[in-house]
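The block underneath contains the structure these notes are about, expressed in structure tokens.
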Amino acid sequence: MKVLVAVKRVIDYNVKIRVKADNTDVDLTNVKMAMNPFCEIAVEEAVRLKEKGVATEIVVVSIGPKEAQEQLRTALALGADRAILVETADKVDSLGVAKILAKVVADEQPGLVIMGKQSIDSDNNQTGQMLGALTGMPQGTFASEVAVDGEKVSVTREIDGGLQTVALNLPAIVTTDLRLNEPRYASLPNIMKAKKKPLDVKTPADLGVDVASKVKTLKVEAPAARSAGIKVGSVDELVEKLKNEAKVI
Amino acid sequence: MGILVVADHNNASLLGATANTVTAAQKIGGEITVLVAGSNCADAAAEAAKLNGVSKVLVADNAAYEHLLAENVSLLVAELGKDFTHVLAPATSNGKNILPRVAALLDVAQISEIIAVESADTFKRPIYAGNAIATIQSEDAIKVITVRATGFDAAAADGSASIEALASVQDAGKSAFVGAELAKSDRPELTAAKVIISGGRGMGNGENFELLNKVADKLGAAVGASRAAVDAGFVPNDMQVGQTGKIVAPELYIAVGISGAIQHLAGMKDSKVIVAINKDEEAPIFQVADYGLVADLFSALPELEGKL
Ligand SMILES: Cc1cc2nc3c(=O)[nH]c(=O)nc-3n(C[C@H](O)[C@H](O)[C@H](O)COP(=O)(O)OP(=O)(O)OC[C@H]3O[C@@H](n4cnc5c(N)ncnc54)[C@H](O)[C@@H]3O)c2cc1C
Ligand SMILES: Nc1ncnc2c1ncn2[C@@H]1O[C@H](COP(=O)(O)O)[C@@H](O)[C@H]1O
């Protein structure tokens, strides 16, 4: 079974972002970029499926600037077999990404698509579900366990009240949650080997997809800051303040 | 025309966030219809009919909708959605699962987790774990939106909308519910609680959460956790507060043995009063805490319990 994994280049999760002075966007100049953490979990899951003999080939795809090749090379070093970059300098929204991925799915015919549940920059949590709608595939979102069994995949999902398990007909889409696995690090020899693995570059136009968005950002602001609080010296003082000053207990 | 609100519920009752979503719909303006798609869901529908501002409740009662499988419910919502200007759902795990599928079926963008309505086409939403707030405008003919409950008050339950049964059954036939392991607790639900006490890696293990439970019992509080505490297996996943867990904004949030990573802050920094108990006085959680106590939690928690 072929597994397709979508990976996004985003700001490193450790970076504290700043809003630009003109309020048009956040400032990403000279900021460390990385693979979206949920996409790392997606790559890891695909690699484990290959190690188990369930997956035969892992194709990773990213939509973004030329530099997204770095994240694709990382995925190749982690065990993916080949990569596709759909290169565009434009900001593509989740619907646009899903439309591009739907074309890639039509070309590649994967048995399973694994994606992150959420990008940590846009915090959208949309693309996997949208790809499901566009391809007609069922979806196992927020997955903490994935088991392929013949023509079906069983997905345990992290939901508000606990856990839910669904059975999906293949081909299907899985979006990863934090507990699905703990991603490995790429070894130096594998990083070297990854440089020789195939990486195809296309454009949205090559795929015949119009990625123009109907949603525009008018303004980006810093959130309201909390005013600095105080340190209390004892549990007694804490209880007294909560009762008499904050009046919350 | 008007606004369609997709209710989240468990057939027997409505999930609280649905009432906050109705308030967001009121701010957009227009006639509000609530869809309750479920199985034997008359009780949930009756609750929806009471929400202030709702004029009609559509009930799709069929086995295909029992577990709100996205493949089935999205087909129904997309079919209905064509006749509305806005389709809203709470940003609960069901809303997040279903609504993007609806948006793609309607060939429009989705606007996730709005926290404010500026006008019928302009909304505010947090990005980058809440470290920036974006104001966005949509030119799509149908605006498909999930609503963050902490951004809106719950609509009152003093209305009386009409209830109408829908005949349409949409079964994609590609997915099936197998089972669920739902947490049982006598404590309030995290997203509805007025007081929350959360534990982090500093709790050391799952048994030590009993120390938090005892304080929670005194305060009528819900108990939450950081990702590290969930990953370590101390407590179940549904207790995680943060960017990628639950978003809460109680009157009082007490963070115990939690360092205050931005991903955790993203889920609780809109709480009215924040208390931090941590033995490291440099812990970043103190930068957002109204009251910080530098102490070992193993002595502070029993003392706190005793003094409440
Ligand atoms: C993609 C992604 C998504 C994430 N989503 C979330 C999320 O939704 N929610 C979330 O919480 N995190 C999330 N995280 C993880 C986040 O970055 C932090 O790793 C996590 O919040 C740390 O948890 P912690 O504060 O419990 O642990 P630590 O950072 O290890 O802090 C433990 C704290 O306990 C204190 N302590 C230890 N012993 C004691 C004692 N005896 N008495 C008092 N204090 C003590 C220590 O001083 C320390 O400050 C996410 C990370 C990523 C990459
Ligand atoms: N530009 C992109 N390129 C590749 N995959 C993407 C892109 N944007 C989103 N995705 C995938 O969709 C997931 C969810 O993203 P989002 O819906 O934007 O929160 C990510 O974790 C990726 O797997």
Side-chain angles (χ1 to χ4, degrees), chain A residues 11 13 16-17 19 26 93-95 98 117-118 120-126 129-130 132-134 137-139 141-142 144 154 158-169 178-179 213-223 226 229-232 235-236 238-239 241-242 246 248-249, chain B residues 70-71 74 92-93 96-97 100-101 103-105 109-113 122 126-140 174-183 219 227 231 236-238 243-244 251-252 262 269 272-273 275 288-294 300 303-304 307-308:
Chain A
I11 191 165
Y13 81 96
K16 178 109 171 67
I17 61 104
V19 170
V26 298
D93 68 14
S94 289
L95 183 63
K117 82 161 177 183
Q118 181 173 336
I120 61 160
D121 51 1
S122 70
D123 282 332
N124 266 350
N125 195 334
Q126 302 176 356
Q129 297 88 316
M130 287 181 158
L134 298 178
M137 283 194 253
Q139 64 191 39
T141 52
F142 328 146
S144 66
S154 156
E158 295 199 358
I159 59 168
D160 289 340
L163 296 171
Q164 180 195 64
T165 304
V166 290
L168 311 174
N169 295 358
L178 296 168
R179 260 67 61 178
S213 177
K214 292 255 175 69
V215 175
K216 58 174 187 265
T217 301
L218 303 180
K219 190 163 67 180
V220 175
E221 301 160 277
R226 286 190 79 93
I230 57 159
K231 289 254 169 70
V232 291
V235 170
D236 279 323
L238 175 63
V239 173
K241 294 275 188 209
L242 291 178
V248 284
I249 59 170
Chain B
E71 296 75 13
S74 63
T92 54
S93 49
K96 291 177 188 174
N97 193 37
R101 234 178 139 104
L105 289 171
Q110 179 186 281
I111 303 171
S112 295
E113 303 218 20
T122 305
I127 52 176
Y128 293 89
N131 287 303
I133 308 292
T135 304
I136 54 172
Q137 186 174 40
S138 166
E139 283 166 9
D140 275 319
K174 289 184 177 169
S175 55
F177 170 83
V178 176
E181 259 176 69
L182 300 182
L219 293 171
R227 173 192 175 180
D231 282 7
N237 63 279
D238 55 278
Q243 178 188 16
T244 59
E251 298 279 298
L252 173 61
I262 52 171
K269 72 179 160 55
K272 194 167 152 243
V273 174
V275 170
V288 300
D290 300 283
Y291 302 107
L293 177 64
V294 180
E303 190 182 342
L304 180 60
K307 287 184 172 148
L308 287 171

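Everything quoted here is computed from the prediction, not taken from an experiment. Chain naming here is simple, since letters A, B, ... match the order of the sequence lines and numbering starts at 1 in each.
Using a 4.5 Å cut-off between heavy atoms, A/A246 touches chain B through backbone and side chain atoms alike. Looking at B/I262, the atoms closer than 4.5 Å to chain A (heavy atoms on both sides) all sit in the side chain, from C-beta outward. The contact between A/V232 and chain B is made by backbone and side chain atoms together, counting heavy-atom distances below 4.5 Å. Heavy atoms of A/N124 lying under 4.5 Å from chain B belong to its backbone as well as its side chain. Using a 4.5 Å cut-off between heavy atoms, B/L219 contacts chain A through its side chain alone, with no backbone atom that close. Contact annotation for A/I249: only side-chain heavy atoms (C-beta onward) come within less than 4.5 Å of a heavy atom of chain B. With a 4.5 Å cut-off on non-hydrogen atoms, A/L238 touches chain B through its side chain but not through its backbone. Contact annotation for A/Q118: only side-chain heavy atoms (C-beta onward) come within less than 4.5 Å of a heavy atom of chain B. For A/T217, the parts sitting under 4.5 Å from any heavy atom of chain B are the backbone and the side chain alike. Proximity to chain A (any heavy atom under 4.5 Å) is shown, for B/T92, by both the backbone and the side chain.
Residues passing the salt bridge (charged side-chain N to carboxylate O under 4.0 Å, His left out) test with A/K241, sequence neighbours excluded: A/E245. Every residue meeting the ring-ring contact (aromatic ring centres under 6.0 Å, His included) condition with B/F177, not counting sequence neighbours, appears here in chain and number order: B/H67.
B/L293 is not listed as a side-chain neighbour of B/V275, based on a closest heavy-atom distance of 4.5 Å or more. Within the 4.5 Å cutoff, the side chain of A/I159 has heavy atoms near those of the B/L182 side chain. Using a 4.5 Å heavy-atom cutoff, the side chains of A/L168 and A/Q139 are not in contact. Put simply, the side chain of B/D231 reaches to within 4.5 Å of the side chain of A/R179, judged on heavy atoms. Side chains of B/Y128 and A/I120 form no contact here, defined as non-hydrogen atoms less than 4.5 Å apart. By the 4.5 Å heavy-atom criterion applied to side chains, B/K96 and A/T141 are not counted as neighbours. Annotation: side chain of A/Q129 is not in contact with side chain of B/S74 (no heavy-atom distance under 4.5 Å). Taking 4.5 Å as the limit, some side-chain heavy atom of A/L163 sits within range of a side-chain heavy atom of A/S144.
Contact count versus chain B (heavy atoms, under 4.5 Å) is highest, among A/V19, A/D93, A/L242, A/I17, for A/I17. Listed options A/A222, A/S213, A/S94, A/G132 were ranked by heavy-atom pairs under 4.5 angstrom with chain B; first place goes to A/G132. Your options are A/V239, A/V235, A/V248, and the one with the most heavy-atom pairs under 4.5 Å with chain B is A/V235. Counting heavy-atom pairs closer than 4.5 Å to chain A, the top residue among B/E181, B/Q137, B/E303, B/K307 is B/Q137. Of the residues considered (B/E113, B/E71, B/K174), B/K174 shows the highest number of contacts with chain A, using heavy-atom pairs under 4.5 Å. Contact tally against chain A (heavy-atom pairs below 4.5 Å) for B/A289, B/P236, B/A183, B/A132: the top residue is B/A132. Per-residue counts of heavy-atom pairs under 4.5 Å with chain A were compared for B/V294, B/L308, B/L252; the largest is that of B/L252. When A/D160, A/D236, A/L178 are compared by the number of non-hydrogen pairs under 4.5 Å with chain B, A/D160 comes out ahead. Each of B/L105, B/I133, B/I136 has some count of heavy-atom pairs under 4.5 Å with chain A, and the biggest count is that of B/I133. Chain A forms more heavy-atom pairs under 4.5 Å with one residue of B/P100, B/P126, B/A104 than with any other, namely B/P100. If you tally non-hydrogen atom pairs under 4.5 Å between each of A/G229, A/S154, A/A133 and chain B, the highest count goes to A/A133.
Counting only N and O atoms by type, the side chains of A/N125 and B/S112 include no donor and acceptor under 3.5 Å apart.
We find that B/D290 and A/R226 are joined by a salt bridge, their nearest charged nitrogen and carboxylate oxygen being less than 4.0 Å apart.
Between the side chain of B/Q110 and the main chain of A/Q126, no donor-acceptor pair closer than 3.5 Å is present.
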